[in-house]
Structure formats: C-alpha cells, structure tokens
Amino acid sequence: MGKFLIFGIFFLFFSVSTARPHNENGHGNKFLSCFALNSPVPITNISSIIHNTSDPSYPSILQSSIQNLRFNSTTILKPCFIITPEHFSHVQAAVNCSKIHGLEVRVRSGGHDYEGLSYTARNPFVIIDLVNLRQVRIDLENGTAWVQTGATLGEVYYKIGNASNTYGFPAGTCPTLGVGGHISGGGQGFLMRKYGLAADNVLDAVIVNARGEILSRSSMGEDLFWAIRGGGAASFGVVVEWKIKLVPVPPRVTGFIVSKTLDQGATKLLHRWQQIADKFVEDLFIRPIIIVTKGGNNSTRNILVKFQSLFLGSLDQLLPLMERSFPELGLEAKDCREMRWVESILYIDDGFPSGESLEILLDRKHNMNKGFFKAKSDFVTKPISENDLENIWKVMEEGESGIMIWEAYGGKMGYISETETPFPHRGGVLFNIQYYNGWAQPGNDTETKRLDWINKVYDSMAPFVTKNPRTAYLNYRDLDLGRNKVGTFSEAKVWGEKYFKSNFYRLARVKGEVDPENFFKNEQSIIARRIPVNTKSN
Ligand SMILES: Cc1cc2nc3c(=O)[nH]c(=O)nc-3n(C[C@H](O)[C@H](O)[C@H](O)COP(=O)(O)OP(=O)(O)OC[C@H]3O[C@@H](n4cnc5c(N)ncnc54)[C@H](O)[C@@H]3O)c2cc1C
Ligand SMILES: *[C@@H]1O[C@H](CO)[C@@H](O)[C@H](O)[C@H]1NC(C)=O
Ligand SMILES: *[C@@H]1O[C@H](CO)[C@@H](O)[C@H](O)[C@H]1NC(C)=O
Ligand SMILES: *[C@@H]1O[C@H](CO)[C@@H](O)[C@H](O)[C@H]1NC(C)=O
Ligand SMILES: *[C@@H]1O[C@H](CO)[C@@H](O)[C@H](O)[C@H]1NC(C)=O
Ligand SMILES: *[C@@H]1O[C@H](CO)[C@@H](O)[C@H](O)[C@H]1NC(C)=O
Ligand SMILES: *[C@@H]1O[C@H](CO)[C@@H](O)[C@H](O)[C@H]1NC(C)=O
Ligand SMILES: *[C@@H]1O[C@H](CO)[C@@H](O)[C@H](O)[C@H]1NC(C)=O
Ligand SMILES: *[C@@H]1O[C@H](CO)[C@@H](O)[C@H](O)[C@H]1NC(C)=O
Ligand SMILES: *[C@@H]1O[C@H](CO)[C@@H](O)[C@H](O)[C@H]1NC(C)=O
C-alpha cells in the first residue's frame, strides 16, 4: 500500500516538474523518477539522497572526501548526480537507473584513491557515495564485525577499541581511509606481519552487482568473493558491507619512533634493517620512512630516516627483544610508549599528544592534510647495498621534498600463497616501497618538479626492485603504469600484471562472468578477454 502511495506522490511531482529544464546532461528528472519508482523502501525525502548540480550541498558533498587536490580542479568533469544511499536498495536503484539512462558509475567510500578514480570520469556519470552507510556492528562473542563500506578505518578501530581491549583489526594506518576501497585493494598496516592484510581477514561480503542484484558470499560464489578481496571491487560491483575477523591483541602494546640522520649512521641502519626486518618475531613491525629534509637543518646532507614501530607486547618485553634482534638502532625506553592498541593508531598517525581523545578517530577529516600529491610503489626481494643506498640518496636530495616508506613484510605475509587472494606480493618479499611527493599549492611549476622528482627516484630504483613485471600495489594506484583510459584487455594486462601478476587472468575471467558488458569501469578496471564490441571503446 505504501508503495502505491509513494508512486502517486512521485507521479504527481514529476508530472508537474517535467516542465522545468532538465539538467545539462538531459538526464535530470527521468533519473529521479526511475530512482523513486525502483526503490522498494519508501523514500521520504529524495533530495537528501540524490544531489544534482543545482543542489546547494552538491559542491560540499563532492569535495568532502577528495583527498588529492590534483583532482579537485574546476576543469574536471563533474558528476550529473551524487547519490548518498541510506539503504542498500538505494544502491541497487542507483545501479539499475544509471544503466537505463546510460550513465557511468563511480563508487566512493573514503575518497583516498591516489588518482581520484572514485569521483572522476570522462563520460557523464554519477557518484555513489557511501558516506551514510557506515554502521559498524561488533560481535565480541564470535570475534567478528559487520562493517558497512562507508565507514572509515578510524570508525572501525574506535568501535573495536570501545568494545574490547584485546581485539584489533589488521589494516592501514590512516584513520580516514574508507573500508570500501582500502579492504577491496588489500590493506597493509602495522599488524600485517602477524595477521596479513585487511583483505585476508574478510569472512563475508554483501555486494550489488551489475544487474542490480544484492548478493552475499554464498550467493555471489567463491570466484567473485575472491576477486573483491584485493582485486579492487570497483571492477565488479558495489560492496555495501564486509564481515571481518577481529584479531587478538594484548591489552598493552608498545610503539616507538627513532629518527636518524645520515651523519648518525642511517644508511648502515637501513642496510641492516633490510637483512632482518622480515625475520623479526611477528609481534614486531618496524618501518623506516626516508624523508628529504631540504630547508630543515643546515647540514651537508638532507635525508632523515624515521623508524616507526609497533610491538604487540609490553616495554619490558620489547627492550631485551630489540637488544637481541636490532641492537644497532640503540633503542631506549625514552623512545617508546606503552598504550592500548587502539591508541597506537593515533600514536602512529599524529603522535597521540597527551590530552587527545580517541573520539578523534571518528572525525572523518582528522589530520587529512589535504594537498596535492603523486605516489608510486615497488616491492623488494633482495637487500640493497650501502653503496647503492648512497647513490639513491643523491637522487632523492635533488628534490625539495619527498619521502619513501618501506613496509616490512615476512611473517604471515609470507605464509599466504600468491593465489589465495588477488594480492600476489607474498613469499620472498622483504618490503614494499611507497614513493610519495606532496605539495600544498597548485601550479604547474611545482607539479612538474614534483613529478620529475618521483619519476627520477623511481627510475633510479629499477635495478633494486622486482622485474618482469616490476610489481606495484593496487592501493597505491598509479596511472603511469598503464594506459590512462578505459582500455582493452591487452592494455589492461600491462598494469594488471604489475598489480596482480598471474592473478590478473583469473580476475579477467571473473569480470567476464559477473559483468560481461563492462558496466563497472574506470581507467584501471579489470577487462574481460572478450567484451562486446559496443562497449569496447570509451
Ligand atoms: C593519506 C593516505 C594514507 C594511506 N595509508 C595506507 C596504508 O596505511 N595502507 C594501505 O594499504 N593503503 C594506504 N593508503 C591507500 C589506500 O588504501 C587506498 O587509497 C584505498 O583505495 C582508499 O580507499 P577509500 O575507500 O578511502 O578510497 P576511494 O577513493 O573511495 O576508493 C578507492 C577505489 O575503490 C573503489 N571503491 C570504494 N568503495 C567501494 C565499494 N564500496 N565498492 C566497490 N568499489 C569501491 C573506488 O571506486 C576506487 O576505485 C593510504 C592512502 C592515503 C591517501
Ligand atoms: C535539481 O533537482 C531539483 C529537485 O530536487 C529540481 O527542482 C531542479 O530543477 C534540478 N536541477 C537540475 C539542474 O536538474
Ligand atoms: C530534505 O532533505 C534536504 C537535504 O538534506 C533538507 O534540506 C530538507 O530540509 C529535507 N526536507 C524535509 C521535508 O525533510
Ligand atoms: C576544491 O575546489 C574548489 C573550487 O572548485 C574550492 O572552492 C575548494 O576550496 C577546493 N578544496 C580545497 C580543499 O582546496
Ligand atoms: C534492480 O534490478 C534487479 C535486477 O533486475 C532487481 O532484482 C532489483 O529489485 C532492482 N532493484 C532496484 C532497487 O531497482
Ligand atoms: C555468533 O555466531 C553465531 C553463529 O553464526 C550466531 O548464531 C550468534 O548469534 C553470534 N553471536 C552474536 C552475539 O551475535
Ligand atoms: C565506550 O564509549 C563510552 C561512551 O560512548 C564510554 O563511556 C566508555 O568508557 C567506552 N569504553 C571503552 C572501553 O573505551
Ligand atoms: C637536525 O640535526 C639534529 C642533530 O644532528 C638531529 O637530531 C635532527 O633530527 C635534525 N633534524 C632534521 C629535520 O634533519
Ligand atoms: C648554512 O651553512 C653555510 C656554510 O656553513 C653558511 O654559509 C650558510 O649561511 C648557512 N645557512 C643557514 C641558513 O644557516
Ligand atoms: C598548466 O598547464 C596546462 C597544460 O600545459 C595548461 O593548460 C594550464 O593552463 C596550466 N595551468 C596553470 C595554473 O598554469
């Protein structure tokens, strides 16, 4: 009965409003009425769910989670609509109606995509922004949680920490990352040596597919469930919810940060770290961040190395362990801080200054440092010699800024087989590298210089990283790796093998099965081997 009433109201509304101008893409009210008619759950206020370009809140919603300001430019095509679903069926209606009206779809969770693929497109499109679907339901009895994909990692961490002192979740360090993109692309962080990636700890998922059907693990089948845990869900559908496995952590953990300049022996320490960091006990994770510090100290060299660490145990246990495993670092109690696991998230993110509240984790804009940036990634399987490190520093020091982050692998990361999930960077990997250069002001001069820096550093690293293919991490998305447009299977293979090695072929097969018409696409989405001629070139 309710449905007929709603139908009546919308019929009236749209028969009156058709006289008004359609929006610039001519999709205006037809899309709205399609959406309203398709929605099984009565929509009390459609203007809080669909935002067109004349909606006063459109710009703020669009810009709200743009992390890389390079893609906040006024010259970039804007979506016809931003849809902010409040119910899973709204996601289905958005998919069904976009297809009917020939609009592409971009899905946004936390908006941290390095190349802006969750909110930009070259053809008329809509954004499905999951910001209002962010319930987190913790089930302590079973050690699991259902997490809607609009939630940020910070929201998940906060809820876990609020429910328990002895559970955690292995995922990234930045609390504002969205669980939609992050988990579906892998998700590495300080617990990965003990528990693997975020994607390795997914037990179930709910997805809306290209036909607008809503499926869980049992109905989507193991192939699709495999694909969305590391293959990037954007190629396959809209994940609306994950069931994740919580992992045990001790009530107290210990973090430390130790910084060394080149004069203080940073090169030797990094050389040593490469020999041992993947072999430490799994409770110990240490990552160096190598920072160009031009304009800081007036020293002859301009590199600072900051060792950041998390140990799943007390300070009393950590000090003798470090004395045995990495005495060269000279760790002292004053460099360390004992705390709850949930606090360690903020310790790593912003130092967790005294007086800071854990509620900060719920702030979707906390410490976002919005700016312009470019990043790239590599994997290393053989230690780099001191001599070679010295040469790398010289290349890095030619820039005004820039960093490299080296994330230690080994432990659980090495026990999981390359084909278990689409993320293939497992046994034999010593560490992952992220190259990152950020800048605060727009302008071609700066951008050109920064891109030059990152390309030169990346080129100089070629001899020391994986080859054929030179592998990369999907979540550090890099459009330089392959053609910067929706392409063909053989074009996709170029970047696909770098992110996924031979798992790319299984991903392409799954794509052919679940989305043969290539409805879910972007500049780096999986392409089936054979796709219908009429959807081929975009
Ligand atoms: C400051 C910063 C810190 C980071 N730290 C880490 C880190 O510690 N570890 C790490 O592994 N990575 C890290 N990353 C990379 C991060 O994991 C990726 O950028 C990730 O894709 C972000 O997810 P998101 O939901 O925030 O992004 P979005 O931009 O919303 O989405 C990224 C991609 O996933 C798709 N997508 C999003 N939600 C869904 C969904 N529900 N269904 C289907 N497709 C979806 C989007 O369409 C897009 O293609 C960091 C990034 C930044 C900017
Ligand atoms: C946007 O939607 C409102 C109703 O929600 C409508 O009045 C207006 O004409 C629409 N604008 C465009 C450009 O479609
Ligand atoms: C409908 O939602 C819009 C946007 O959220 C809001 O401005 C408006 O007041 C709401 N109208 C009603 C009747 O609730
Ligand atoms: C994004 O661009 C708009 C102009 O289109 C501007 O008003 C806004 O301040 C920009 N956002 C940020 C965070 O700089
Ligand atoms: C979308 O389409 C699918 C497949 O036809 C159908 O099962 C579903 O009910 C539709 N849902 C909505 C909300 O439009
Ligand atoms: C734990 O899991 C079982 C089996 O799935 C379920 O029946 C039970 O309700 C769960 N416990 C809680 C507290 O949700
Ligand atoms: C959980 O949050 C509530 C307030 O929302 C607070 O009173 C309580 O102390 C928190 N519990 C823990 C263990 O953090
Ligand atoms: C500056 O030099 C001092 C002493 O060598 C060192 O402790 C500090 O970390 C350096 N700072 C930077 C930014 O290089
Ligand atoms: C840096 O050191 C050089 C040489 O010692 C000196 O000439 C210069 O003035 C110093 N610059 C600053 C900013 O201290
Ligand atoms: C940057 O360069 C592009 C292409 O060369 C040009 O179109 C644009 O106007 C430039 N923008 C600025 C701010 O200089």
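Just so you know, ligand 1 is whichever comes first in the structure, and atom 1 is the first atom listed for that ligand. Positions are given from 1 along the sequence.
Between F504 and F489, the distance from one ring center to the other falls under 6.0 angstrom. Taking the six-membered ring wherever Trp is involved, the centroid distance between the rings of Y435 and Y476 does not fall below 6.0 Å. Ring to ring, F307 and F256 are not that close: their centroids are 6.0 angstrom or more apart.
The V238 neighbourhood of ligand 1 comprises atoms 42 (N), with distances under 4.0 Å to a heavy atom of that residue. Of all atoms in ligand 1, listed by their number and element, those nearer than 4.0 Å to a heavy atom of V239 are 40 (C), 41 (N), 42 (N), 43 (C). For ligand 5, the atoms closer than 4.0 angstrom to any heavy atom of G212 are 1 (C), 3 (C). Atoms of ligand 5 lying under 4.0 Å from at least one heavy atom of R211, given by number and element, are 2 (O), 3 (C), 4 (C), 5 (O). Heavy-atom contacts of G237 reach the following atoms of ligand 1: 42 (N), 43 (C) (cutoff under 4.0 Å). Listed by number with element, the atoms of ligand 1 under 4.0 Å from a non-hydrogen atom of G172 are 7 (C), 8 (O), 9 (N). Remark: ligand 1 atoms within the under-4.0 Å shell around heavy atoms of G180 are 37 (C), 38 (N), 39 (C), 41 (N).
Contact annotation for L130 and ligand 1: only side-chain heavy atoms (C-beta onward) come within less than 4.0 Å of the ligand. If you look at F236 next to ligand 1, there are no close heavy atoms at all, none under 4.0 Å. Contact annotation: for Y476 versus ligand 1, heavy atoms closer than 4.0 Å belong to the side chain alone. Under 4.0 Å from ligand 1, the heavy atoms of Q67 that appear belong solely to its side chain. Within the 4.0 Å heavy-atom criterion, the part of L69 lying near ligand 4 is the side chain and not the backbone. Residue contacts with ligand 1, taken as heavy atom pairs separated by less than 4.0 Å, involve T149 solely via side-chain atoms from C-beta onward. Counting heavy atoms under 4.0 Å from ligand 1, residue R477 touches it through the side chain alone.
Within the structure, ligand 1 lacks G186 among the residues with a heavy atom less than 4.0 angstrom away. No heavy atom of S184 sits closer than 4.0 Å to any atom of ligand 1. Put simply, part of Y473 is less than 4.0 Å from ligand 1, judged by heavy atoms. Look at A198 and you'll find every heavy atom at least 4.0 Å from all atoms of ligand 1.
Aromatic ring orientation, Y436 versus F373: parallel (interplanar angle below 30°, classes split at 30° and 60°).
Seen from the ring of F225, R229 counts as a face-on cation partner, given the 6.0 Å and 45° thresholds.
Ranked by closest heavy atom to atom 27 (O) of ligand 1, the top entry among Q148, H112, R108 is H112. Closest heavy-atom approach to atom 8 (O) of ligand 1 among the candidates T173, L133, N68: T173. Residue S118 holds the heavy atom nearest to atom 29 (O) of ligand 1 of all those in A205, A234, S118. Nearest-residue assignment for atom 5 (O) of ligand 4 (options T74, I76, T75, I66; heavy-atom criterion): T74. Comparing M192, H182, R287 against atom 17 (O) of ligand 1, the shortest heavy-atom distance belongs to H182.
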Take T152 and R134 through the side chain to side chain donor-acceptor pair (under 3.5 Å) test and state the conclusion after the steps. CA-CA 8 Å; T152 61; R134 56 175 205 260; over 6 Å; no
Walk me through whether D113 and R108 qualify under salt bridge (charged side-chain N to carboxylate O under 4.0 Å, His left out). CA-CA 9 Å; D113 193 281; R108 185 161 74 173; over 6 Å; no
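Checked by distance only, ligand 1 and G110 come closer than 3.5 Å through their nitrogen or oxygen atoms. Between S89 and ligand 5, no pair of N/O atoms sits closer than 3.5 Å. An N or O contact shorter than 3.5 Å links N96 to ligand 5 by distance. Remark: ligand 1 and G178 share an N or O pair separated by less than 3.5 Å (distance only, no angle test).
Looking at I128, I127, I83 one by one, the single match for side-chain contact (heavy atoms from CB on, under 4.5 Å) with V105 turns out to be I128. Of the options I61, V126, L62, a side-chain contact (heavy atoms from CB on, under 4.5 Å) to P79 is made by L62 and by none of the others.
Of the N and O atoms on the side chains of D129 and H51, not one donor lies less than 3.5 Å from an acceptor on the other residue. Side-chain polar atoms of T466 and D378 form no donor-acceptor pair below 3.5 angstrom. Defined by atom type and a distance below 3.5 Å, a donor-acceptor pair is missing between the side-chain atoms of Y473 and Q188. Between K511 and N518, the side chains place a donor N or O and an acceptor N or O closer than 3.5 Å (distance only, hydrogens not considered).
Considering only non-hydrogen protein atoms, atom 13 (C) of ligand 5 sits nearest to N38 O, 3.0 Å. In this structure, atom 1 (C) of ligand 4 lies nearest to the protein heavy atom N72 ND2, 1.5 Å. Of all protein heavy atoms, the one lying nearest to atom 9 (O) of ligand 4 is Q63 OE1, 4.6 Å.
Between L507 and S235 the shortest side-chain heavy-atom distance does not fall below 4.5 Å.
Taken to the nearest 0.5 Å, the CG atom of D278 stands 12.0 Å off from the CE atom of M413.
Within the 4.0 angstrom cut-off, atom 7 (O) of ligand 5 has no protein heavy-atom neighbours.
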